[in-house]
Enquirer: 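Encoded as structure tokens, here's the structure I'll be asking about.
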Amino acid sequence: MSAGERGVFNAAYEPLLFAVDRVPFPESGREQETLDAFETFCASGHVAALLLEPLVLGAGGMKIYPASVLSELKRIAERHRSLFIADEVMTGWGRTGPLFACEQAGIAPDILCTSKGLTGGALPLAATLCTAEIFDAHLSTDRRRTFFHSSSYTANPIACAAALANLEIWMTEPVRARVEALEAKQRSRLQRFEGDPRFCNIRQVGTIAALDLAVPVGGYLSEVGPRLRAFFRERRLLIRPLGNVIYLMPPYCVTDADLDRAYDAIDEAASAFVAGRL
Ligand SMILES: *Cc1c(COP(=O)(O)O)cnc(C)c1O
């Protein structure tokens, strides 16, 4: 919570949070500023770790940045012996194409967080992966060094069975081809909004498609978010915009007809908004 952006998500805990240094998001054309900022922090000699969401900032607005930034950040982290922690909770399990988004940058993080897609989204389970070096540093026969917390449902057998079933599918079925097919379907459907003045920032990474409804005041708490969600729900679609940012991250089993229905509803919602009916 301390590492996350300060705002509505963690405001209630503000007095309890510790200070962290933040690098700016690598905005298009200004990626070097991000790298320079990280380099400067590292040069000060007290950076324990860099924690980031690879390729896509999710709840922060589905903001996309190139893999080259990721590999450069990893290079800087390595040079300064800073740990590189990738939060792949959203991007893991093929969301951006390969199994993990870090693969697109040809890097392996020191610590990787995975959850949502671990069970194919079917049951709640998370895993934190780390290098052997980190694992060995914590491995001990001294029971006082046990990780004592959150043990009630740790490695819940039913959730683990779902994760194993998911792994089996990944290892025996053409999952990558399916992910690529969904990627292409999203791309072709997004095209209808190219140049449409009702939207801006039409973007896609892997199977994630996002676009911003053109509104005077955007952001996570934008008034239009809940109204859009209600509009979609009336049409029996679970689409939860981040403020005015509408995104589709469909399950891999989504049908063409359902995708069409979702895009038609987005089109309708934008028309309703422009006509003042939303
Ligand atoms: C959903 C999500 C989380 C939240 O994970 P919890 O296990 O529910 O706390 C963290 N990071 C990213 C990138 C997410 O998409």
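For ligands, and for the atoms within them, numbers begin at 1 and follow the listed sequence.
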Enquirer: Just checking, is any N or O donor in the side chain of Glu88 or Thr91 under 3.5 Å from an acceptor N or O on the other one?
Expert: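 The criterion, which ignores hydrogens and geometry beyond distance, is satisfied for Thr91 and Glu88.
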Enquirer: Can Arg235 be said to sit on top of Phe231's aromatic six-ring, NZ or CZ under 6.0 Å from centre and within 45° of the ring axis?
Expert: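 So Arg235 does make the cation-pi contact.
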Enquirer: For atom 1 (C) of ligand 1, which of the options Lys116, Glu53, Met1, Arg95 provides the nearest non-hydrogen atom?
Expert: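 The option holding the nearest heavy atom is Lys116.
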Enquirer: Identify, by atom number and element, the atoms of ligand 1 in contact range of Asp87, meaning under 4.0 Å from any of its heavy atoms.
Expert: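 Counting atoms of ligand 1 from 1, those under 4.0 Å from Asp87 are 10 (C), 11 (N), 12 (C), 13 (C).
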Enquirer: Do side-chain atoms of Ser82 reach the backbone of Glu78 as a donor and acceptor pair under 3.5 angstrom?
Expert: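 No; zero donor-acceptor contacts below 3.5 Å.
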Enquirer: For atom 5 (O) of ligand 1, what's the nearest protein heavy-atom neighbour? Residue, atom name and distance, please.
Expert: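 Here the closest protein heavy atom is Val89 CG1, 4.0 Å.
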Enquirer: Say you draw a straight line from OG of Ser71 to CD1 of Ile107; how long is it, rounded to the nearest 0.5 Å?
Expert: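 Nearest 0.5 Å value for the OG-CD1 distance: 7.0 Å.
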Enquirer: What is the closest protein heavy atom to atom 7 (O) of ligand 1, and at what distance does it sit?
Expert: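 Protein heavy atom with the smallest distance to atom 7 (O) of ligand 1: Ser115 OG, 4.6 Å.
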Enquirer: Would you say Tyr263 and Gln186 are linked by a side-chain donor-acceptor pair, where the criterion is simply a distance under 3.5 Å?
Expert: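 Looking only at side-chain atoms, Tyr263 and Gln186 do form a donor-acceptor pair, the distance falling under 3.5 Å.
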Enquirer: Determine, counting only non-hydrogen atoms of the protein, whether one lies under 4.0 angstrom from atom 15 (O) of ligand 1.
Expert: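 Yes; the ligand atom in question has protein heavy-atom contact below 4.0 Å.
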